[in-house]
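All of these numbers come straight from a predicted model, not from anything done at the bench.
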Amino acid sequence: MDEIKKAVEVVVPATTEVKKEEAPLQDPVKKELDKVKGAKLNKLTPAERLIFEKKKIEKQLKELGHTETPEAEDDDKPVTHGELKNIEINRAIETAVEMAESIENDHERDLTKFHLENTIKPSGDPERDFKAAVALVNSVKNGQVTQEVLRRGTPSAHVSGAAAPGKTENVFEPTPEERVFMGPPYNMSKEQIIASRPKA
């Protein structure tokens, strides 16, 4: 019986170690996207929440190619300066959002669009607004890189004593007397002036 028990212990070890899988680093952009969207929805009043949902539905319908036929508008209706400015700003936002469509990463694209539509005050220049939104997204990614570097600590610097110090060349600055000899009629060169200096 003891022999069987020993054979079983050889085949099956008494303790089995369970490897814990390390949790992968969370995508900081996705985390930020979830945070800002949640914060925005929590701050909305019921009316603002409905308007937000309405815009979201209209956007989804537009992406599917469905457009409502707007009521006939009078083409000759005058537009105020403020209305014209709002139209230009809305076009600039749409253009910047279209530029954001070229971003490959889904979370980065969504966060860039969110900043364009909610965070950044539109300047009327879609390219500048797009760059500002991308900078906000990149700051999130850079923040995680900085935290990771700080967590790991600074690497120890290794200095080799065998290496010779690098050559440093002093800048040639002639004295007023030497400048006289560098000009006519003497025309001494920089090397001749250095050679004529007294050795220290």
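Distance check, rounded to the nearest 0.5 Å: CD1 of I194 to CD of Q192 gives 11.0 Å. Atom CG of N86 sits about 10.0 Å away from atom NE2 of H81, to the nearest 0.5 Å. K131 contributes atom NZ, which lies 10.5 Å from atom CZ of R128 (distance to the nearest 0.5 angstrom). Atom OG1 of T80 and atom CD of E83 lie 3.5 Å apart (nearest 0.5 Å).
Between A92 and P126, the closest heavy-atom pair is O-CB, 3.4 Å. Contact between Y186 and F181 at its shortest, heavy atoms only, is CB-O, 3.1 Å. Taking each heavy atom of M182 and P174 in turn, the nearest pair found is SD-CB, 4.0 Å.
No side-chain donor-acceptor contact under 3.5 Å links D129 to the backbone of A96.
Residues passing the side-chain hydrogen bond (donor to acceptor under 3.5 Å, both in side chains) test with E173, sequence neighbours excluded: R179.
Under the 4.5 Å side-chain heavy-atom criterion for Ile, Leu, Val, Met, Phe, Trp and Tyr, V79 and I89 are members of distinct hydrophobic clusters.
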Could you list the donor-acceptor pairs under 3.5 angstrom formed by side chains in residues 107-116, with sequence neighbours left out?
from	atom 1	to	atom 2	distance (Å)
E108	OE2	K141	NZ	3.2
R109	NE	I103	O	3.0
R109	NH1	D106	OD1	3.3
R109	NH2	I103	O	3.4
R109	NH2	E104	O	3.2
R109	NH2	D106	OD1	2.9
T112	OG1	E108	O	2.6
K113	NZ	E101	OE2	2.2
H115	ND1	T119	OG1	2.9

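Side-chain contact between M188 and E178 is absent, with no heavy atoms from C-beta onward closer than 4.5 Å.
Atom CD of E127 has 12 or fewer neighbouring heavy atoms from other residues, nucleotides or ligands inside a 6.0 Å radius.
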